[in-house]
Amino acid sequence: MSFVPGQPLTAVVQRIQIQKLRQGENLILGFSIGGGIDQDPGQNPFSDDKTDKGIYVTRITPGGPANAAGLRMGDKLMQVNGWDMTMVTHDQARKRLTKKNEDVVRLLVTRKSLEEAVKQSMGCFPRQ
Amino acid sequence: MVKGCWESECVHSFHREGVPFGEGEKGGRKGTSIWIVLAPGRGQWGLGVSHCPVLYYNTLLFLFGGRTTLFLFALNAPGSSQSGPLSCPLLSKVDLLKLPLALTTKSISERKSQLGGVGEQRRPGGGGGGPRKACSPPSRDMDNESQYSGYSYKSSHSRSSRKHRDRRDRHRSKSRDGSRGDKSVTIQTPGEPLLDAESTRGDDRDDNWGETTTVVTGTSEHSISNEDLTRVTKELEESTPLECKRFIGPALGGCLSFFALVTPLAFLILPQVLWRDALEPCGTPCEGLYVSLAFKLLVLLISSWALFLRPPRATLPRFFVFRCLLMVLVFLFVASYWLFYGVRVLEPRERDYRGIVEYAASLVDALLFIQYLALVLLEVRHLQPAFCLKVVRSTDGASKFYNVGHLSIQRAAVWVLDRYYSDFSVYNPALLNLPKSILSKKMTGFKVYSLDESTTNNSSGQSRAMIAAAARRRDNSHNEFYYEEAEMDRRVRKRKARLVVAVEEAFTHIKRLHEDEVASSPKHPREVMDPREAAQAIFAPMARAMQKYLRTTRQQAFHSMESILTHLQFCITHNMTPRAFLERYLSPGPTMQYQQQNGRGRQWTLVSEEPVTSALRQGLVFSLRRLDFSLVVTVTPLPFLRLGEEFIDPKSHKFVMRLQSETSV
C-alpha cells in the first residue's frame, strides 16, 4: 500500500456496506478510525509504510454493524460513499462517516491480506 | 415699549414694535404718534411710526444710557382726518425703518440719495426741528444687510477710522456666529485679525463678510475692544524686546552664589586680620581642615560652573518655583551663618581658631548639600517620565507625542518648545486652505440655483431660505477636491523628476581637483575655482527647475536664491551627492532649519486655565500661541505598569509530534 506521491495509487479493495444502527439519538457504525493528513503517521500500528496518512480502522466493537459487515481492524478506508479517504483530515473523515441523513455507508477498504490473496491467485495463473 | 436694555438693538426692537403701517387697526387712526428718534452723539436720526397712543405730541423723552442719549420726540399725527393721502403723508409712506446707528459720518445728502421709497417725507409736517431721516438701505430685508453705507472700503474714509471699524465690526461679527459657519472654511484664530486689518483684504474675505453681518448692532465707533488692546501691546513687545529682563534672574543667582562662596573664606580671614595675636595657635588639625576646605570649595566651584552657569534658554512668565526656593534657602543659610558668626565670634573675639575653621567647614558642607538639593530638584526630578504630552499644531494638525516627567506647566511648555523646533516640520501658511477653485465653485453653484433674480452683485446678501436650500443641495466639492489633489500630486512629482535630473546633470560638470594631480598642461588650461564660484557655475542650469519645484510645493518663501547658492557651496565643499543636496528641498524640514539667528528670541504666549506654576496632571490642556498659529498640548499620565514574572527552565523546551487521535463512529 505504499504510494508514490504524484502517481496514482493502485490497491485491491473490498466493498463493504454497513447499515447504521440507531442507538438513541445517534446512528453508529461500530468502529473507530485513526489517521489523517493532519495526524502523525508514525504512530499508526496498522500501516506498513509509516508515512501513510490514510484513515485506518483501529477498533471494532464486537457485535456492531461494522463487524457484521466484514470490516476488520487495520483496514484502510479508501472511499466512503464515493468520497475519497486517502487525503483527508481526521475530522473530515469523521464527518463523512457520520452524516445524519445517511443510513448506510458503502466503504471501499483495503488490507494486506487482500493483496496477498490477489497475488496468490495471480501467481497461479501467470499471464501469457 | 422702550425696553430697559440699552443697545441699539433695543432701539431697533422698539422700533419694530412700532406697528408697521398696514397692520393694526385700519380705521381710527386717532392717537397715532410719530416717533422721531435723535441720537445726537452719533449724528443719526430715525423716524418711526407707532399706533400706540402712549405719548402725546410734544412729549420729550430722554433716554440715557451708555455713551449716547436718545431723544424721542413724539408727535401726533396731524389731524384725525385720515381720508386723503395728503393729510398724512408720513403715515402713508413711512414703513419700518432701520436705524443704522453708529456707522459713518457720511453726509446726509448721500444718505438721502440712498433713500429709496421714502422720498416723500423729507419734511415732516411741523416736526421737531426738521429731523433728518435715517437712510434705509434699498433692500427691505431685515435680516442681513450686506450693503449699507459704512461698508464700502473703497470709499474715501480715513484709514484709521476704517481700522477702527474693521476691528469693531470684526469683533461684532465674531460675536454672532450664527450663519457664519456654513459659509467660510477658514478658521479665524484670535491672533489673525490684527494682521488682516493692516493687509488688504482679498475678495473672498469681502464676500463672506458682507453676507453675514447685520446692520444694527455693535459698540460705538470709537471703542476699541480688549482683544485689540492686547494685540497691540503684543505687537509692540515683539518689536522691542527687553533684553535686560532676560538676565535679571541669573544675575541675582550669580551674586548670591558668589557671596556664598566667599563667606567661608571671610570667616577664616576675618579673625586673622582683626585679632591675630589673641588667637590660639592651631597646628596640624587646622591645616587638615584647610586642605579639606579648599577641596570642597573647589568642587563646589566646579559644579556650580557646570550646572548653573549656563545661559538661560527661556524666560518664564511666572517665577520658577524651585529656583526661587533654592535661592531663598541659600540666602537663609548664609545669612544665619553670618548672624551666628557675627554674634558669637566677631563680638566676643573668639579665640578658639580651630572652632572657627570647623565652623567654616560646616558651612561649606551645607552649601554642598544645598547644591545636591538643587541638582535633584532642577535636573533629576523631571527625568523619569510620568506624563505623555500630545502636541498638536492648530493650523495643519501636525502632532507628536512626548514623554515628560513631573514638571510645572511653564517648564513643560519650554520643554515642548525645545522639541517643537527640531521635530515639527516648518509651518507653511501657503499650504493651509483648500484651493480657491473648489470653494468658489460652491459659490458659483449658488448663483445658478438662485431664486432671487434681482441679485446682481457678487457679494449681495442671500436670504436664509437660499442658504438652507443650498445646504441641502448635494454638493460635489469633495469630488473636485479629490481630483485636484491627485492633479497636484502628479504635478509635484513631475517637477521633482525634472529637478532631480537637472541637479544630477549639473553636478557632473564639476569635479574636485586633488593636490597631487599633475598640473594641467599649458595646452588645456583649467580654471581653478573656489567653492563659491563652482556653485555659481553649476547653479544656472538647475535654477529654473528648482524655482518651478519650489513654486509648486509652495516653499519659495523659505528659500531665497542666496540661500540655495550657499547650500550648494556647502554641499560641494563636503563632497555631497546631488541627492544629498536636494534633501533639503524635497521634504519640509524642521523649523530649526529655517531659523535666522538673532538675539531676540521667539515670543510665545502660554495660554492656560490653570496657574502656570502648578504641576502637570491628567487632563490638563494648555496652548502655546504665536501670532498665526498655536500648539495645543494635552496631558495624559503614563499608565502604571504591573510587571509580572515567569520563570522558564531552559531544559523544559521539549517537543513531540502531535498525537494520533482516534474517533469512534
Side-chain angles (χ1 to χ4, degrees), chain A residues 18-21 23 26-47 50-62 64-67 69 71 73-75 77 80-81 85 88-100 102 104-105 107, chain B residues 384-392 397-404 423 474 476 478-479 481-483 485-486 489-490 493 496-497 500 579 586-587 618-619 634-665:
Chain A
I18 308 180
Q19 185 77 28
K20 287 192 188 175
L21 180 66
Q23 244 187 24
N26 311 325
L27 287 167
I28 62 161
L29 286 163
F31 64 96
S32 300
I33 54 166
I37 54 177
D38 55 341
Q39 304 284 314
D40 176 17
Q43 298 194 13
N44 193 347
F46 306 108
S47 61
K50 289 307 173 191
T51 57
D52 186 8
K53 293 186 176 179
I55 308 289
Y56 282 81
V57 175
T58 54
R59 208 165 46 88
I60 308 243
T61 51
N67 206 3
L71 199 61
M73 196 163 73
D75 287 353
L77 300 181
V80 170
N81 281 342
M85 285 282 129
V88 290
T89 64
H90 189 88
D91 210 41
Q92 280 170 341
R94 178 189 60 81
K95 278 185 195 160
R96 298 266 163 76
L97 284 166
T98 53
K99 288 218 189 296
K100 288 223 157 90
E102 289 171 357
V104 61
V105 290
L107 312 175
Chain B
Q384 186 190 36
F387 294 101
C388 184
L389 301 181
K390 176 175 183 181
V391 184
V392 182
S399 71
K400 285 250 167 10
F401 285 84
Y402 297 116
N403 283 358
V404 295
D423 283 346
R474 196 173 68 97
N476 282 332
H478 57 84
N479 222 357
F481 176 56
Y482 170 72
Y483 284 114
E485 187 125 298
D489 272 347
R490 209 173 57 82
R493 264 182 289 175
K496 177 179 163 184
V500 170
R579 280 287 173 155
L586 291 181
S587 55
Q618 177 184 18
T634 320
V635 180
T636 40
L638 289 175
F640 180 74
L641 303 170
R642 285 200 196 93
L643 216 52
E645 183 209 343
E646 189 178 325
F647 174 68
I648 295 185
D649 183 8
K651 291 212 221 11
S652 68
H653 296 294
K654 296 205 186 308
F655 292 93
V656 289
M657 296 296 287
R658 259 193 284 169
L659 300 173
Q660 278 281 70
S661 53
E662 188 185 340
T663 327
S664 59
V665 292

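Keep in mind that what you see is a predicted model, and the values were worked out from it rather than measured.
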Lys390(B), NZ atom: more than 12 neighbouring heavy atoms under 6.0 Å:
no
Roughly how far, to the nearest 0.5 Å, is CD of Glu662(B) from CD of Gln43(A)?
11.5 Å
Among Arg94(A), Arg96(A), Lys20(A), find the residue that satisfies the side-chain contact (heavy atoms from CB on, under 4.5 Å) test when tested with Val665(B).
Arg94(A)
Could you measure the distance from the NZ atom of Lys95(A) to the OG1 atom of Thr663(B)? Nearest 0.5 Å is fine.
11.5 Å
Tell me, for Leu29(A) versus chain B, whether the close heavy atoms (under 4.5 Å) come from the side chain, the backbone, both or neither.
both
Heavy-atom count check: over 12 atoms from other residues, nucleotides or ligands less than 6.0 Å from Gln384(B) CD?
no
Greater than 12 external heavy atoms within 6.0 Å of Lys496(B)'s NZ
no
Tell me, out of Thr58(A), Ile33(A), Val57(A), Thr61(A), who's got the most heavy-atom pairs with chain B below 4.5 Å.
Ile33(A)
Rounded to the nearest 0.5 Å, what separates atom CG in Asp91(A) from atom OG in Ser661(B)?
8.5 Å
